[in-house]
Amino acid sequence: MKNYIPKYDEFINEGAVKAFEMDYTEMVKQIKSGYGWIDPQYVEETWENMNLNSIEFNLVKDEVLNRLIKAGLLYHSDPKDPETKGKKVTNLSQI
């Protein structure tokens with residue numbers, strides 16, 4: 001690229017990080033105001049259904065899941081009652 005200016009990359013990346021942080025924070029609020037936990041199979045759908053999203057889920061999937069695990073919000077549903085939390089997810093290999 002002839003007219004490449006590195007400062008624009010910095011600006012764009014900073015904007016993407018801020019957008020992600022806002023989207024993630026909003027997602028956590030939604031989870032906490034609902035059941036207080038989320039099954040891994042519904043994380044993508046929840047992310048995609050949020051109006052604020054500006055970032056494709058596939059690009060941030062591992063980061064979102066790792067943060068939800070760290071926050072203690074990721075559980076598998078109880079097989080007998082899908083609205084009841086079952087086993088806590090403690091690492092990505094359990095998904």
Side-chain angles (χ1 to χ4, degrees):
M1 275 187 192
K2 195 160 132 182
N3 297 328
Y4 175 74
I5 302 172
K7 284 189 178 184
Y8 288 123
D9 270 354
E10 216 173 281
F11 178 74
I12 291 168
N13 288 338
E14 185 176 320
V17 169
K18 285 181 182 179
F20 170 79
E21 292 298 339
M22 287 174 47
D23 290 349
Y24 176 76
T25 300
E26 182 60 30
M27 182 179 189
V28 168
K29 285 180 189 175
Q30 287 182 13
I31 293 168
K32 287 181 177 181
S33 70
Y35 288 114
W37 60 277
I38 189 166
D39 189 298
Q41 74 180 19
Y42 298 113
V43 173
E44 181 174 4
E45 181 180 341
T46 302
W47 181 266
E48 296 295 338
N49 286 336
M50 289 176 34
N51 294 330
L52 301 174
N53 273 316
S54 56
I55 301 172
E56 240 182 88
F57 183 71
N58 290 336
L59 298 174
V60 294
K61 179 180 178 178
D62 287 344
E63 182 66 22
V64 169
L65 292 172
N66 278 320
R67 285 183 181 211
L68 291 173
I69 290 168
K70 187 175 181 180
L73 297 173
L74 205 58
Y75 287 80
H76 290 287
S77 298
D78 185 317
K80 295 177 184 174
D81 179 8
E83 294 186 8
T84 304
K85 72 178 158 181
K87 187 176 178 187
K88 185 175 187 176
V89 178
T90 57
N91 63 58
L92 288 177
S93 67
Q94 296 173 328
I95 298 174

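Numbering of residues begins at 1 and proceeds along the displayed sequence. As the structure is a prediction and not an experimental result, all values here were calculated from the model.
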For the [atom1] atom of [X] and the [atom2] atom of [Y], what is their distance to the nearest 0.5 Å?
| X | Y | atom1 | atom2 | value |
| --- | --- | --- | --- | --- |
| Arg67 | Leu73 | CZ | CG | 12.5 Å |
| Thr25 | Met22 | OG1 | CE | 8.5 Å |
| Thr46 | Ile38 | OG1 | CD1 | 3.5 Å |
| Glu45 | Glu48 | CD | CD | 10.0 Å |
| Ile31 | Glu26 | CD1 | CD | 10.5 Å |
| Tyr35 | Tyr75 | OH | OH | 16.0 Å |

Same apolar cluster: Val43 and Leu92, side chain cutoff 4.5 Å
yes
With hydrophobic residues grouped by side-chain heavy-atom distances under 4.5 Å, do Leu65 and Val28 end up in a single group?
yes
Greater than 12 external heavy atoms within 6.0 Å of Glu83's CD:
no
Here the pair of heavy atoms bringing Ser77 nearest to Pro82 is OG-O, 3.2 Å
Shortest non-hydrogen contact between Pro40 and Val89, atoms and distance
CG-CG2, 3.9 Å
State, yes or no, whether a side-chain contact exists between Met27 and Val64 at a heavy-atom distance under 4.5 Å.
yes
Less than 4.5 Å apart, side chain to side chain, heavy atoms only: is that true for Leu74 and Ile95?
yes
Is the ring pair Tyr24/Phe20 parallel, tilted or perpendicular, if the boundaries are 30 and 60 degrees?
parallel
Please answer whether the main-chain N or O of Thr84 pairs with a side-chain N or O of Asp78 as donor and acceptor at a distance below 3.5 Å.
no
